[in-house]
Amino acid sequence: MGKVYPELQTAKIIKKYDGNPILTATDVPYDVSLVFNAGVVKYKGKYVMIFRNDYGSSEADYLEKGLPGTNLGLAYSNDGIHWEVEKQPFLSQETVKTEEVSRFYDPRLTVIDGELYICFAVDTRHGIRGGIGKIHDLKEIEVLCMTAPDNRNMVLFPEKIGGLFTRLERPSPVYGRGGKDRFDIWCSQSPDLKFWGKETLVLGVEDVPFANDKIGPAAPPIKTQKGWLTTFHAVDRDNTRGKNGWENKWTKRYTAGIMLLDLENPSKIIGISRDPLIAPELPYETDKGFRQNVIFPGGMILEENGEVKIYYGAADTVECLATAYIDDLLNLCL
């Protein structure tokens, strides 16, 4: 189908990497169809990526049977661009061995006090839940907490705020928001990463000019002198859109937005761009893939020279990279 209308444009300060995508199914040494929505951090001298795999299906197979499953893969890089993928999945339903959970997906990575943490979503027989875990030696996950349904898209701030661990999250209220997608971004805090409270609304979907369906956290925030630089995903829906990927009908478009949150009160927005940060424009974002016209950031790294690497899934099919400079991103918010 290609681009959907009305067109939205990527901010001029953003440069999409000329070699995109940086990770595809062909780079993974086991059964994978779609590789996207990765969490990425710098950890112990290397870039570490945990990415989502949807596996074992082609477009024709999907239309007949659907996707058979999802797991999480692990990769390393010395430069944040070229990746070496582990030979086996990092986390899957088979390794956890529980009938309650049907899949794990959409990981986010954060380093806090030198320790690596992961936020992830799980589909269960009783609803969609979000989890937080501590990763030990890049080999196993100690699950610290799970939300009640329906809550996901969680990201952790990289340090305590006011003595408390802090996260952004996206509950999915249906009854209370008119019986359809009207999902917003919330903030909550915890003394120990296990028990969470102090829930506060951060941003409503109605406050984002390029969203009419839902919004949610994207990459974990990064700290700057002016505030917490924070990306989010934003969804607009147009029911006249037809076949737009593998499915018979896909009516949504995902873009990335950016905002700045107060350093001491992370539920307070002190600046936000009224236009998208990243929009689907290029062929690997709009013309090919499972769900076209989807941009979903999952990792953001501030380099010593002021460059910011933004990792994003494109078309729910491949993993990509965009860059900008920190001062330009802050000016876009303010």
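Between the side chain of Asp287 and the backbone N or O of Leu282 there is no donor-acceptor pair closer than 3.5 Å. Put simply, the side chain of Arg129 never gets that close to the backbone of Arg152: no donor and acceptor are under 3.5 Å apart. Side chain of Thr230 to backbone of Leu260: no donor-acceptor contact under 3.5 angstrom is found. With Ser57 contributing its side chain and Tyr62 its backbone, the two residues share a donor-acceptor pair below 3.5 Å. Under a 3.5 Å cut-off, the side chain of Thr251 and the backbone N or O of Lys249 do not form any donor-acceptor pair. No donor-acceptor pair under 3.5 Å is formed between the side chain of Asn37 and the backbone N or O of Asp106. No donor-acceptor pair under 3.5 Å is formed between the side chain of Asp137 and the backbone N or O of Lys139. Although no hydrogens or angles enter the test, the distance criterion places a donor-acceptor pair under 3.5 Å between the side chain of Asp192 and the main chain of Phe195.
Leu74 approaches Leu138 most closely through the heavy-atom pair CD2-O, 3.7 Å. Looking at every heavy atom in both residues, Ile13 comes nearest to Ala324 through O-CB, 3.5 Å. Taking both residues in full, the closest heavy atoms of Leu334 and Gly271 are given as CD2-CA, 4.2 Å, listed atom of the first, atom of the second, then distance. Closest of all the heavy-atom pairs between Val4 and Arg253 is O-NH1, 3.2 Å.
Enclosure of atom CD in Glu159 by more than 12 non-hydrogen atoms of other residues, nucleotides or ligands within 6.0 angstrom is indicated. Other residues, nucleotides and ligands place no more than 12 heavy atoms under 6.0 Å from the CD atom of Glu84. No more than 12 heavy atoms of other residues, nucleotides or ligands sit less than 6.0 Å from atom NZ of Lys65. Residue Asn305 places its CG atom among more than 12 non-hydrogen atoms of other residues, nucleotides or ligands, all under 6.0 Å distant.
In this structure, Lys160 has no salt bridge (charged side-chain N to carboxylate O under 4.0 Å, His left out) partners at least two apart in sequence or on a different chain. Residues passing the salt bridge (charged side-chain N to carboxylate O under 4.0 Å, His left out) test with Lys226: none are found, sequence neighbours excluded. In this structure Lys194 satisfies the salt bridge (charged side-chain N to carboxylate O under 4.0 Å, His left out) test with no other residue, sequence neighbours excluded. Partners of Asn78 according to the side-chain contact (heavy atoms from CB on, under 4.5 Å) rule, which considers only residues two or more places apart in sequence or in another chain, are Lys46. Looking at residues two or more places apart in sequence or on another chain, you find a side-chain contact (heavy atoms from CB on, under 4.5 Å) between Pro217 and Asn153, Val155, Leu168, Arg170, Ile185. Remark: Glu100 pairs with Thr98, Thr124, Arg125, His126 by the side-chain contact (heavy atoms from CB on, under 4.5 Å) rule, at least two apart or across chains. Legend: residues meeting side-chain contact (heavy atoms from CB on, under 4.5 Å) with Ala314, ordered by chain and number and at least two apart, are Tyr284, Glu285, Tyr312, Val318, Cys320.
In this structure, Phe183 shares a hydrophobic cluster with Val174, the cluster being traced through Ile, Leu, Val, Met, Phe, Trp and Tyr side chains under 4.5 angstrom apart. Cluster partners of Tyr105 are Ile128, counting Ile, Leu, Val, Met, Phe, Trp and Tyr whose side-chain heavy atoms approach within less than 4.5 Å, directly or via other members.
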Does the side chain to side chain donor-acceptor pair (under 3.5 Å) test come out yes or no for Gln189 and Thr166, once each step is laid out? CA-CA 4 Å; Gln189 293 189 297; Thr166 304; 2.9 Å; yes

From CA spacing to verdict: side chain to side chain donor-acceptor pair (under 3.5 Å), Asp54, Thr70: CA-CA 4 Å; Asp54 287 11; Thr70 298; 2.9 Å; yes

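Between Arg52 and Glu319, no side-chain nitrogen of the basic residue sits less than 4.0 Å from a carboxylate oxygen of the acidic one, so the salt-bridge criterion is not met. Under the 4.0 Å criterion applied to side-chain N and carboxylate O atoms, Glu281 and Lys16 are assigned as salt-bridge partners. In summary, Glu307 and Lys309 engage in a salt bridge, as defined by a charged side-chain N under 4.0 Å from a carboxylate O.
Annotation: side chain of Leu156 is in contact with side chain of Ile132 (closest heavy-atom distance under 4.5 Å). Pro276 has its side chain out of reach of Thr10: every pair of non-hydrogen atoms, C-beta onward, lies at least 4.5 Å apart. Cys333 is not listed as a side-chain neighbour of Leu330, based on a closest heavy-atom distance of 4.5 Å or more. The closest side-chain heavy-atom distance from Leu261 to Lys268 is not below 4.5 Å. Ile310 has its side chain within reach of Leu277: a pair of non-hydrogen atoms, C-beta onward, lies under 4.5 Å apart. The shortest side-chain heavy-atom distance between Leu109 and Ile135 falls under the 4.5 Å cut-off. Residues Ile81 and Tyr17 meet the side-chain proximity criterion, which asks for heavy atoms closer than 4.5 Å.
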Identify every side-chain donor-acceptor pair in residues 140-149 under 3.5 Å, counting partners at least two apart or on other chains, and give the distances.
from   : atom 1 : to     : atom 2 : distance (Å)
Glu142 : OE1    : His136 : NE2    : 2.9
Thr147 : OG1    : Gly130 : N      : 2.9

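In this model, a donor atom of one side chain and an acceptor atom of the other lie less than 3.5 Å apart for Glu169 and Ser188. In summary, the side chains of Asn71 and Asn53 do present a donor paired with an acceptor at a separation below 3.5 Å, with no hydrogens or angles considered. Neither side chain, Ser273 nor Asp275, offers a donor N or O lying under 3.5 Å from an acceptor on the other.
Atoms CD1 and OG1, on Ile222 and Thr110 in that order, are 12.0 Å from each other to the nearest 0.5 Å. Taken to the nearest 0.5 Å, the SG atom of Cys119 stands 9.0 Å off from the CG atom of Leu193. Here the NE2-CG distance, from His82 to Asp27, works out to 10.5 Å after rounding to the nearest 0.5 Å.
For the salt bridge (Lys or Arg N to Asp or Glu O under 4.0 Å) test with Lys252, the passing option among Asp238, Asp236, Asp181 is Asp181; the others fail. The only member of Arg182, Lys180, Arg237 that meets salt bridge (Lys or Arg N to Asp or Glu O under 4.0 Å) when paired with Asp213 is Arg237.
Cation-pi check for Arg291 over Trp246 is not met; the charged atom does not lie both under 6.0 angstrom from the ring centroid and within 45 degrees of its normal.
The salt bridge (charged side-chain N to carboxylate O under 4.0 Å, His left out) pairs that include a residue from residues 200-211 are Arg177-Glu206, where partners are two or more places apart or lie in different chains. Residue pairs meeting the ring-ring contact (aromatic ring centres under 6.0 Å, His included) criterion with at least one partner in residues 207-243, sequence neighbours excluded, are Phe157-Trp228, His233-Tyr254, His233-Phe296.
The aromatic rings of Phe104 and Phe120 lie tilted to each other, with the angle between the two planes from 30° to 60°.
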